[in-house]
Amino acid sequence: MKEVNSMRVDQTIKKLLSYATSEEKVDQEYKKYTCLSNRKLYSTEINGEIVSCIGVEFRNSKEGVIKHIAVLPKERGSGIGSSMIRFICKEYNLNFISAETDKDAVMFYTNFGFRVTSLGEKYPGVERFLCEFEVK
């Protein structure tokens, strides 16, 4: 895993972030990772190609919130997403990590061991979920 902190956004990172947020918000979200000290963005490469990224906001020294997590479609299901979460928890010695997501990603978080709670319809027709994980 490699920290992403270049002011110029890589096109693959841009594409990955667009899976995790709306395309209109990609540049704005990327800027938060380069400007805010409590946000970090990491990427994973396979054979020199960026295949995934994870962005985390740290609430305090022991708690993080996954703001973005994305894996290229051809690499999904291979454990990259889970290994990124484990890396963040270990690298920052977190006790607790959470994420808010839609129904498409609930199974990923459930399979990892997150406790999932429905937040109801936060936007018209869109149910959101809070996923929480106590790091052991």
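Start at 1 with the first residue, then count along the sequence.
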Next item on the list: Look at the side chain of K62 and the backbone N and O of N93, then say whether any donor-acceptor pair between them is shorter than 3.5 Å.
Entry: yes
Next item on the list: Report the relative orientation of the aromatic rings in Y42 and Y92; use parallel for angles under 30°, tilted for 30 to 60°, perpendicular for over 60°.
Entry: perpendicular
Check: In Å, rounded to the nearest 0.5 Å, how long is the span from CZ of R115 to SG of C131?
Finding: 10.5 Å
Notebook entry, point to check: Any salt bridge between R128 and E121, counting N to O under 4.0 Å?
Noted result: no
Checklist line | In one Ile/Leu/Val/Met/Phe/Trp/Tyr side-chain cluster, 4.5 Å: F129, V56 | finding: no
Note to self: Has T21 got a side-chain atom pairing as donor or acceptor with S18's backbone, closer than 3.5 angstrom?
What the structure shows: no
Notebook entry, point to check: If Ile, Leu, Val, Met, Phe, Trp and Tyr residues are connected whenever their side-chain heavy atoms lie under 4.5 Å apart, and connections chain through other members, are F96 and F114 in the same group?
Noted result: no
Notebook entry, point to check: Linking I/L/V/M/F/W/Y whenever their side-chain heavy atoms sit closer than 4.5 Å, directly or via other members, would F58 and M84 fall into one cluster?
Noted result: yes
Next item on the list: Assert yes or no for the condition that the ring centre distance of F112 to F133 is strictly below 6.0 Å.
Entry: yes
Donor-acceptor pairs under 3.5 Å, side chain of residues 65-76 to any protein atom, not counting sequence neighbours: which ones?
| unit_1 | atom_1 | unit_2 | atom_2 | d |
| --- | --- | --- | --- | --- |
| H68 | ND1 | Y33 | OH | 2.5 |
| K74 | NZ | E49 | OE1 | 3.0 |
| K74 | NZ | E49 | OE2 | 3.4 |
| R76 | NE | V71 | O | 2.8 |
| R76 | NH2 | V71 | O | 3.1 |

Next item on the list: For Y19, check side-chain hydrogen bond (donor to acceptor under 3.5 Å, both in side chains) against everything at least two apart and list the hits.
Entry: none
Note to self: Test of understanding: clusters of I, L, V, M, F, W, Y form through side-chain heavy atoms closer than 4.5 Å, transitively. Do L130 and V135 belong to the same one?
What the structure shows: no
Notebook entry, point to check: Does any N or O in the side chain of T110 come within less than 3.5 Å of the main-chain N or O of V106, such that one atom is a donor and the other an acceptor?
Noted result: yes
Next item on the list: Tell me whether I13 is reachable from L36 by hopping between hydrophobic residues (I, L, V, M, F, W, Y) whose side-chain heavy atoms are closer than 4.5 Å.
Entry: no
